[in-house]
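Scope of the values below: all heavy atoms of this structure, side chains included, with no hydrogens, waters or symmetry mates. Just so we're on the same page: letters track the sequence lines, and every chain starts at 1.
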Number of protein chains: 2
Amino acid sequence: MGRDRATLADVARRAGLSKTAASMVLNGREGTRLSAEAHQRVFAAAEELGYRPNVAARSLRTRKTATIAFVSDIVATTRFAGGLIRGALDASRERDHVLLITETQGDAAFEQYAIEAILDRQVDGVIYAAMATRRLAVPPAILGGPVVLLNATSPEQLPCVLPDDERAGAMVAETLLAQGHRDRIALIGRNRQKERDPEISLAAEARLRGIRDTLTAAGVSLCAEVFSPEWLSEHGYAAMRTLLDRPTRPSAVICMNDRLAFGAYQALGEAGLTIPGDISVLSFDDDPIAGWLRPGLSTAALPHEQMGRRAVEILLDGEGKGPWLVPMPLRRRRSVAAPAD
Amino acid sequence: MGRDRATLADVARRAGLSKTAASMVLNGREGTRLSAEAHQRVFAAAEELGYRPNVAARSLRTRKTATIAFVSDIVATTRFAGGLIRGALDASRERDHVLLITETQGDAAFEQYAIEAILDRQVDGVIYAAMATRRLAVPPAILGGPVVLLNATSPEQLPCVLPDDERAGAMVAETLLAQGHRDRIALIGRNRQKERDPEISLAAEARLRGIRDTLTAAGVSLCAEVFSPEWLSEHGYAAMRTLLDRPTRPSAVICMNDRLAFGAYQALGEAGLTIPGDISVLSFDDDPIAGWLRPGLSTAALPHEQMGRRAVEILLDGEGKGPWLVPMPLRRRRSVAAPAD
DNA sequence: CAGCGCCGCTAAACTGATTTAGCAGAGCAT
DNA sequence: ATGCTCTGCTAAATCAGTTTAGCGGCGCTG
């Protein structure tokens, strides 16, 4: 892999100058007194030889590697990882950095291994990412350098990037109010564990707060709230059935995520009800299926790419402490309409 | 990040030996004549100081970085990337390697940048991955070292890892034959471009070949084939409707991927037909939605994690040239039954 | 007792960059 | 002529490892 590369010494020799001169010219050092001609000769030589500095050698001296570690709990299981990584990748490239990826799988031994691996490689900073928005404990070993939490917070008050779930909740509620829904808005997906335990998820509580506060401000409250143990499609299905079994049918249902909404769609389809004619559905996440459903599901999108990007920006450009909330744009599709009666 | 680390010199000093001795002991060099006591002293010193070698310094000398570059065309858009990366990550960890990830986005300039970035960092090898199984052109710059193609082939006959789409096609056909389906098996998702142009996709042709050969061997042929421009759910929906408009209804439908199958489910639901009672559905990919559908969709799973894993194994353990076909296991859910009549 | 080989270990070179300290020569003032 | 500064550049140290070459002492042989 990449043998026969020209070294700085080669460049210097060809330019008829010392390594020192070549190094300074190529690094654009200010305050050096090298002549314009020397500059030209070095650039020409580097160009001709296709010179590229050896990062290992450089970082041995400078302790900078232009490498960022992206440590996450789980990358595969969730499709959201891709967005976070892609955003981080883009922002890294813009800053001439590269991403070293490791995964802890929530396992202490793996985490230990991952941390050592990245410290051995002298990364310039760490992005510590969680796949579900939550609070977590950061391993002390990485606190020695710059760290940004992605989709997570920690007791240490480290800089962190989070989706603005509360605002998203508000937008979802506002959307329904604007369509004229009032006293028959139901909710699917409250979950005692998820809401209460910030180590599992911060999203649920924030979304609910946004929804509640907005409705309350309009003098409205939820007509029903169905709890579900997890946020899977079968739970959405079951929840929607229990809602339909009640005496008054809701005019709109807010689902805490798209998987629940998907299950709700299935229950509504079986019951012969149409969306949004009979019932409007609104949700969170913007999973790819939201666009495949018929009608398309309106949902507040998790801005993963933006978040990944932001994390790198904060890590490298260092801008105070945050927390930074990234807006969740509402994807308006066809699942919301005015109430039928 | 990681200052104050003990160096080899520190270890040597504490052990009362030379750097040479310390280095040799810690690297487990054979044929050295250092005493058992010297070994012990070095290990003890390293332990006490929490010594970890500086990878940059080591690789400057050895030209090995214990780092693999994972270069892919697109990571975010597709959820499959996660599986490939996760598999590669696992296998890398087992071999004490780490993954440097870059993305070309199919853009020549980005690709150039990505290649330079990884060559500058002296990676030990490159995994060049495509998100859709296809043939591609490998940039000559990386041919200087070990390369494995993941989910792709190239004219250069490089080692490559591919899903065994043909066998998967055969399994799907066998499954239907075993249930007693014969002359009313239809197919959704042929696509002229995709099938013909290996730079776009190799999967379609291989799957179709597996299906055809198996049916032919049983003296059966497809009763209908519906082309669709892309493999999106709306195309599956449309295709299923055209199938249902025909005089004889198929007893089973094979969809070329799960998104098409999802659309087909929608069309069947609207038409008031049940799966698998009226029509069996079988598909490829094992997208997460396959499990969310009602009934669960039986589908031949793309073994992404296995593939990512295999690529690293081949890169590091070097085992001939391949190509290596990774089996696609059939996930049996509830969408297949014997024909009604 | 000279010569040889083996044992246990080390000094120093080497990798490819950055950075510090400083040198030779020119120009100028005293 | 001497001392000073400024210009334009370079030698050498440094980073933290690996690797080559070889050293001193001991035991054995001839």
State whether the side chain of His97(B) and the backbone N or O of Arg93(B) hold a donor-acceptor pair below 3.5 Å, judged by distance alone.
-> no
dA16(D) phosphate, OP1 or OP2: any side-chain N/O from Arg63(A) under 4.0 angstrom?
-> yes
Would you kindly give the CD-to-P distance between Gln40(A) and dC9(D), to the nearest whole Å?
-> 12 Å
State plainly whether the residues Arg134(A) and Asp73(A) are in salt-bridge range, i.e. N to O under 4.0 Å.
-> yes
Within the side chain of Asn27(A), is there an N or O that forms a donor-acceptor pair under 3.5 Å with the backbone of Arg29(A)?
-> no
Would you say the side-chain atoms of Thr65(A) pair up with the backbone N or O of Ser59(A), donor to acceptor, closer than 3.5 Å?
-> no
Spacing between Arg58(B) atom CZ and dA17(C) atom P, to the nearest angstrom = 21 Å
Among the nucleotides dT18(D), dT10(C), dG16(C), which one has an atom lying closest to any side-chain atom of Leu17(B)?
-> dT10(C)
Identify which nucleotide among dT10(C), dG8(C), dT18(C) has an atom closest to any side-chain atom of Ala21(B), counting heavy atoms from C-beta outward.
-> dT10(C)
Measure the distance from CZ on Arg41(A) to P on dG8(D) and round it to the nearest whole Å.
-> 13 Å
Round to a whole Å and report the spacing from CD of Glu37(B) to C1' of dC7(C).
-> 15 Å
Just how far, in rounded Å, is C1' of dA17(C) from CZ of Arg5(A)?
-> 12 Å
Would one find a side-chain N or O of Thr32(A) under 4.0 angstrom from OP1 or OP2 of dC9(D)?
-> no
Could you check whether Ala38(B) gets within reach of a base, just the sugar-phosphate, or nothing at all, counting any heavy atom under 4.0 Å?
-> sugar-phosphate
Rounded to the nearest 0.5 Å, the CG atom of Leu99(B) sits from the CG atom of Leu100(A) at a distance of 8.0 Å
Counting heavy atoms from C-beta on, name the nucleotide in dC9(C), dA17(C), dA16(D) closest to the side chain of Asn54(B).
-> dA16(D)
Among dG17(D), dG8(C), dT20(D), find the nucleotide with the atom closest to the side chain of Arg29(B).
-> dT20(D)
Could you give the OH-to-P distance, from Tyr51(B) to dT18(D), as a whole number of Å?
-> 6 Å
Side chain Lys19(A) and base dG16(C) donor-acceptor under 3.5 Å | no
Side chain of Thr20(A), base of dA11(D): donor and acceptor closer than 3.5 Å?
-> yes
Just checking Ser23(A): base, sugar-phosphate only, or nothing, at a heavy-atom cut-off of under 4.0 Å?
-> base
Between the base of dT18(C) and the side chain of Arg61(A), is there any donor-acceptor pair under 3.5 Å?
-> yes
side-chain N/O Arg52(B) vs dA16(D) OP1/OP2, d < 4.0 Å | no
Leu8(A) CG to dG16(C) P, in whole Å, measures 11 Å
Heavy-atom donor-acceptor pair, Arg5(A) side chain to Asn54(A) backbone, under 3.5 Å | no
Does the dG8(C) base have a donor-acceptor partner in the side chain of Arg33(B) within less than 3.5 Å?
-> yes
Leu60(A) side chain, from C-beta outward: closest of dA17(C), dT10(C), dC15(D) | dC15(D)
Can you check the Leu34(B) CG to dT10(C) C1' distance for me, whole Å?
-> 10 Å
Can you find a donor-acceptor pair, distance only, under 3.5 Å between Thr7(A) side chain and dA17(C) base?
-> no
Closest to the 5' end of DNA chain C, once Ala36(B) and Ala57(B) are matched to their nearest nucleotides, is Ala36(B)
